[in-house]
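One structure is given here, and the rest of the page talks about it.
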Amino acid sequence: MKVDVVTIFPEYLSPLDLSLIGRARAAGVLDVAVHDLRQWTHDVHRTVDDSPYGGGPGMVMRPEPWGEALDALAPPGPDGSARLVVPSPAGVPFTQSLAHELAAEPRLIFACGRYEGIDQRVLDDASRRMPVNEVSLGDYVLFGGEVAVLVILEAVVRLLPGVLGNADSLVEESHAEGLLEAPVYTKPPTWRDLPVPEILRSGDHGRIARWRRDQSLLRTARRRPDLLAGPAAAALDRRDRDVLLDTGFQISPGDMAE
Ligand code: JAH
């Protein structure tokens, strides 16, 4: 996979040289290039922003440098293989499912906005040539898209073949269940007077699996009830429903499988 990142703060992306992403790059699975947007400015002050049409606070990123950057990295014409990803608090939620989609692309371009964001015409123009995804990591506002790109790339790169061992593809499958994971423990059996739940040391794999399922259900009901309101509810069986009902959690009949 080839990845280009365009930013006015290239040094913010230096964590890409470290750890697993650095290892994926060393292994040849991943080729990342970080570009300074200001290389596509022409004025002496290398201006990238201006005041918003219609008024309002802050500044907006001017379209011209972005247009030249995207023309240089994904030239108009045949070879339409790149996909543009733009982190924004106004984007669609970034999910594990979108991470899988992006991991299947040969070429990703990330555009890091700053200030109040990028002139919308940059995305409208790019979308005439390539798929464009404005994505949000959650309902909070950062200074800019750089740290969001690090998060998205970490989620995508660990899915690339040859980056991780199989232990992690199992974690993947259980998250695909749409429930939060049960708590985990390792040695020692008691630590600071806190014992590991006895059942996990019992060797009874059937009871352990049921205990973990119950913990997943109860955690999800308490912490992320939204996950139990949608399609995840359809994957709940009768026993799951009884566990939840015992705790007073309400599931709409329409959300349940029969
Ligand atoms: C802020 C451009 N959902 C996380 C997130 C992603 C991007 C931004 N903020 C939050 C952002 C300012 C300018 C992007």
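Worth knowing before you read on, the calculation uses all heavy atoms, side chains too, and leaves out hydrogens, waters and symmetry mates. Every number for a ligand or one of its atoms is a count from 1 in the order of the listing.
Among all protein heavy atoms, the one lying closest to atom 11 (C) of ligand 1 is P89 CD, 3.7 Å. Here the protein heavy atom with the shortest distance to atom 1 (C) of ligand 1 is L142 O, 3.1 Å. Looking at atom 4 (C) of ligand 1, its nearest protein heavy atom turns out to be Y140 CE1, 3.6 Å. When hydrogens are left out, the protein atom nearest atom 13 (C) of ligand 1 is Y115 O, 3.5 Å; that is the closest non-hydrogen contact.
For the pair E177 and R213, the salt-bridge criterion is met [side-chain N within less than 4.0 Å of a carboxylate O]. A salt bridge links D71 to R129: one of the charged nitrogens lies within less than 4.0 Å of a carboxylate oxygen. The residues R212 and E181 are annotated as not salt-bridged, no charged nitrogen and carboxylate oxygen being separated by less than 4.0 angstrom. Using a cut-off of 4.0 Å between Lys/Arg side-chain N and Asp/Glu carboxylate O, D31 and R25 are scored as not salt-bridged.
For ligand 1 and S136, the ligand atoms under 4.0 Å from any heavy atom of the residue are 3 (N). Interface of G138 with ligand 1, defined as ligand atoms under 4.0 Å from a residue heavy atom, comprises 3 (N).
Taking only nitrogen or oxygen atoms, main chain and side chain alike, G144 does not reach within less than 3.5 Å of ligand 1. On a distance-only criterion, L137 and ligand 1 share at least one N/O pair closer than 3.5 Å.
With a 4.0 Å heavy-atom cut-off, ligand 1 is reached by the backbone of S88 but not by any atom from C-beta on.
If you take CD on E146 and CD on E11, they are separated by 9.0 Å, rounding to the nearest 0.5 Å.
In this structure, D4 and L108 have side chains that are not in contact, with every pair of non-hydrogen atoms separated by 4.5 Å or more.
Side-chain contact check for H42 and E68: at least one donor-acceptor pair (N or O, by modelled atom type) lies under 3.5 Å.
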